[in-house]
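Below is one structure, written out as structure tokens; comments come after it.
Throughout, residue positions are numbered sequentially from 1 according to the sequence presented.
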Amino acid sequence: MTLLDHDRDPAASTALVVRTLQPLVRAEARAEAPAAGADPADLEQSVWVRLLERPAAGPPADAARWVRDTVRAEARRGRRTVRRERPYAGTEPVAGPADCPERAALGAAERRALRSAMARLPGRCPRLLEALLDPGDPTYREIAGELGMSQGSLGPIRSRCLGCLRRMLAAEVVAPSVRG
């Protein structure tokens, strides 16, 4: 059986290819690793991954040349990566889980859903809640003046509006079902 007899028994031919090429891959990886600033085992693993990425093509016709070329290509890739990466200095702020794009997208979707539900509230509720959520953080006196209401009625109206909003959102959100 040669390295190119991979059609008859793929598992056996893969094992044969690995047994045949392993010493060469290991030697080439150990030779190239110091110049690339990489671990020889990492280079060796990259070569095996490249070989597994070509199942349709089968094993290379000139296996020794392919191994040498692939090890050198992976070493060059490793050198480029090392040049582009820079170690963390500790002075830069670390992005926490709250800073991840997924969480930001979910937060934006939740804020849109909340604003949409607030717009559907009855009476003065939408304007009152918008005023309360204003980023300028206005006082009750400023909100009352803006809405033409007495300052003492803001609390009870706000409470009724939030209760209505809570009921509205609870009806829209489906409770998770119990799996059995």
Flag side-chain contact, heavy atom, 4.5 Å: Leu133 against Met118: yes
Residues which pass side-chain contact (heavy atoms from CB on, under 4.5 Å) with Arg84, listed by chain and number, not counting sequence neighbours: Arg80
Joint cluster assignment, Val71 & Leu24, ILVMFWY side-chain distance < 4.5 Å: yes
Least distance between heavy atoms, Leu121 atom then Pro126 atom: O-CG, 3.4 Å
Donor-acceptor contacts under 3.5 Å from residues 135-143 side chains, at least two apart:
unit_1: Thr139; atom_1: OG1; unit_2: Glu142; atom_2: N; d: 3.2
unit_1: Tyr140; atom_1: OH; unit_2: Arg158; atom_2: NE; d: 3.4
unit_1: Glu142; atom_1: OE1; unit_2: Thr139; atom_2: N; d: 2.9

Leu21, Thr70, Asp42, Leu52 screened by side-chain contact (heavy atoms from CB on, under 4.5 Å) with Val47, the one that passes: Thr70
With Ser150 via side chain to side chain donor-acceptor pair (under 3.5 Å) - residues at least two apart: Ser153
Side chain to side chain contact (heavy atoms under 4.5 Å, CB included) between Val25 and Leu51, intermediate numbers included: CA-CA 11 Å; Val25 170; Leu51 183 64; over 6 Å; no
Shared hydrophobic cluster, Leu128 / Leu114 (ILVMFWY, side-chain heavy atoms < 4.5 Å): yes
Cluster check Ile157, Met168: I/L/V/M/F/W/Y, side chain < 4.5 angstrom: yes
Pairing residues for Pro40 by the side-chain contact (heavy atoms from CB on, under 4.5 Å) criterion, not counting sequence neighbours: Arg30, Ala33
Of all pairs that satisfy side-chain hydrogen bond (donor to acceptor under 3.5 Å, both in side chains), the ones with a partner from residues 112-123, not counting sequence neighbours: Arg115-Glu130, Ser116-Arg120, Arg120-Glu172
Same apolar cluster (I L V M F W Y, side chains within < 4.5 Å links), Val49/Val67: no
Cysteines Cys125 and Cys161 with SG distance under 2.5 Å: yes
Residue pairs involving residues 63-75 (criterion salt bridge (Lys or Arg N to Asp or Glu O under 4.0 Å); sequence neighbours excluded): Glu32-Arg72, Arg50-Glu74, Arg65-Asp69, Glu74-Arg77
From Leu154 atom CG to Arg124 atom CZ, the distance as rounded to the nearest 0.5 Å: 9.0 Å
Side chains of Glu28 and Glu44 in contact at under 4.5 Å (non-hydrogen atoms): no
